[in-house]
Number of protein chains: 2
Amino acid sequence: MREKIKNQTNPNVSVDCVVFGFDGTDLKVLLVQRELRDNLNINDDTLVLPGDLINDNEDLDDAASRILTGLTGIRNIFLEQIGAFGHPQRLMKERDQVWLRAIRLEPSARVITVGYFALINIKNYKVKPAGFAKHILWHDYDTVNELGFDHKLILDTAIAKLRNKLYREPVGFQLLSKEFSINQLYTLYNEIMGGEIDRRNFRRRMLKTGFLKETDNFQEGVPHKPARLYTFVRKEFDNVSKNNFKFY
Amino acid sequence: MREKIKNQTNPNVSVDCVVFGFDGTDLKVLLVQRELRDNLNINDDTLVLPGDLINDNEDLDDAASRILTGLTGIRNIFLEQIGAFGHPQRLMKERDQVWLRAIRLEPSARVITVGYFALINIKNYKVKPAGFAKHILWHDYDTVNELGFDHKLILDTAIAKLRNKLYREPVGFQLLSKEFSINQLYTLYNEIMGGEIDRRNFRRRMLKTGFLKETDNFQEGVPHKPARLYTFVRKEFDNVSKNNFKFY
DNA sequence: CCAAAAGTGTTGATGCTACACCCATGA
DNA sequence: TCATGGGTGTAGCATCAACACTTTTGG
């Protein structure tokens, strides 16, 4: 049997992470198949967000970092708190309880969770060979249905927060490679906003700001005219942004 | 000696509330002088946000409501979560520990707090006779200095969130009476934004939207031309707001 | 030469800023 | 009649949405 939680774990507070990634076309979310992750045999294919109870001497942000580094190997991930989720019944669905009884010292304890969202460049995340890491998967954001616990609610809150941030802050660049084309940036924004941004106006607005620095590099291996690549210059952005800049 | 906390209280999770009010001129915050509130004798005049540990069967939002209703008598207060604050040392300043030892069963327990902010019309809050409620006070937002625990951080986060919300959502009306003049609305926005909004342009923009319905009532008892009063019509606002409306 | 995406320009409407002055009222 | 805030008007500039066509490359 699996070793249960250690003593310094706080039984009442957990952290869950919504990790967004972008593959050039679609927005993705990192999900965990909990039965596989925890190596159980309870016939449960429920998907959940990666998360864990916090340690008693650990800051909330650090707990979130710990979870993400454990999953992806990446350090210094862009991370931001979504908020606390504490409905008294949030762990009480029967399926969820089965899993908790298998894994927790106090399966019926009241647990408040603190949600975080992260943005990572999907190419920096090495998908480990199937079988070893089958319990982790990049799921299309658009087609996520039910998740375990209240994780769908956390995901919905995360996307709202992301959209909101995207409006004024340069977080989109976290999801792209260091060099990117304007149209990749456009696709990203358009996808996340689920909406109809005009491609031509978007391009013009971005270029006018001056915080995109053009490089001498172009896309390679594409079956059409290769686009010029740009980098994001934070210093320039900070100037522009004082002037109440908006991305869309 | 004061009765200590009851058994069903969760020792690891609390809720703290930032209550903003507006008196027509200045933005105010509701603060508590903790020694007086808890009827202690520990020579401690530290100001803190109103807050409490949550009960184990109680939703976070409900805990915040409970605290506010207890303080002000008002039910159905506008309330919104700010986020969780969980630095491991957040209760460990010596002054804070003195107070905790006097009041808590587990004064050194790790406590994560969830912050909320509320907006109330200052006139709906009956200030009780001094002596009885001296421990509660409306403090000018501008002149708040240090607070106990990490409450200054929570307050700073709250004002940022308020400013952000103010931009797109009609929360300002929560701080005014049902009927208000355009210039009262202007003063409120200008005060909260700490900034220089043009009064005339603000008025024009607000009136153009159509979600302010003019009444036949005017200010009374003012030593100058009485302003016409308006009400806020949410239904109209929802129309306008689909169209990406911004307040400033 | 075809497909597919990159890249470019214009026009009209709208909104915003930055202004200064008169009005109505109570004291 | 004076002080105080209430209320109005305009002109120029900047921004934005809406829209279609040409260019460059790989296959």
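These numbers come from the heavy atoms of this one structure, side chains and all, not from hydrogens, waters or symmetry mates. Per chain, numbering begins at 1; letters A, B, ... match sequence-line order.
- For the pair A:R228 CZ and D:dT25 C1', the interatomic distance rounds to 15 Å; values are reported in whole Å.
- For the ring-ring contact (aromatic ring centres under 6.0 Å, His included) condition, the pairs that include at least one residue of residues 152-173 of chain A, sequence neighbours left out, are A:Y167-A:Y248, A:F173-A:F180, A:F173-A:F232.
- Considering only side-chain N and O atoms, B:R203 lies under 4.0 angstrom from the phosphate OP1 or OP2 of D:dG7.
- Scanning all heavy atoms of the two residues, the minimum distance from A:I67 to A:V15 falls at CD1-O, 3.8 Å.
- Electrostatic pairing of B:D156 and B:K152 counts as a salt bridge here, judged by a charged N lying under 4.0 Å from a carboxylate O.
- Across the protein-nucleic acid pair, A:N183 atom CG and D:dT24 atom P stand 16 Å apart, rounded to whole Å.
- Here the closest non-hydrogen pair linking A:A84 and B:L60 is CB-CD1, 4.0 Å.
- Counting distance only, with no hydrogens placed and no angle test, the side-chain atoms of A:R204 and the base atoms of C:dG9 include a donor-acceptor pair under 3.5 Å.
- Ring centroid separation for the pair B:F149 and B:F85 does not come in under the 6.0 Å cut-off.
- Looking at the side chain of B:D198, the nearest of the listed nucleotides C:dC19, D:dG7, D:dA18 is C:dC19.
- Spacing between atom CD1 of A:I182 and atom P of C:dA6 amounts to 11 Å, rounded to whole angstrom units.
- Taking atom NZ of A:K246 as the reference point, atom P of C:dG15 lies 14 Å away to the nearest angstrom.
- Atom-to-atom, CZ of A:R199 to P of D:dA17 comes out at 16 Å; the value is rounded to the nearest Å.
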Can you name the atoms? Protein N/O to nucleotides 22-27 of chain C N/O, anything below 3.5 Å, with the distance.
none

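- Atoms OH (B:Y230) and P (D:dG6) sit 12 Å apart, rounded to a whole Å.
- Between D:dC16 and A:N201, no contact under 4.0 Å exists linking OP1 or OP2 to a side-chain N or O.
- Between A:E214 and A:R228 a salt bridge is recorded (basic side-chain N to carboxylate O distance below 4.0 Å).
- The shortest heavy-atom contact between B:D23 and B:K28 is OD2-CE, 3.3 Å.
- Heavy-atom distances under 4.0 Å link DNA chain C to no residue of residues 205-218 of chain A.
- Taking a cutoff of 4.0 Å between a charged side-chain nitrogen and a carboxylate oxygen, B:E80 and B:K165 qualify as a salt bridge.
- Taking all atoms of both residues into account, the shortest heavy-atom contact from A:D16 to A:D52 is OD1-N, 4.5 Å.
- For A:E220 and C:dA6, the CD to P distance is 16 Å, given to the nearest whole Å.
- Atom CZ in B:F202 sits roughly 13 Å away from atom P in C:dC16 (whole-Å rounding).
- Put simply, the side chain of B:R200 and the base of C:dA20 share a donor and an acceptor less than 3.5 Å apart.
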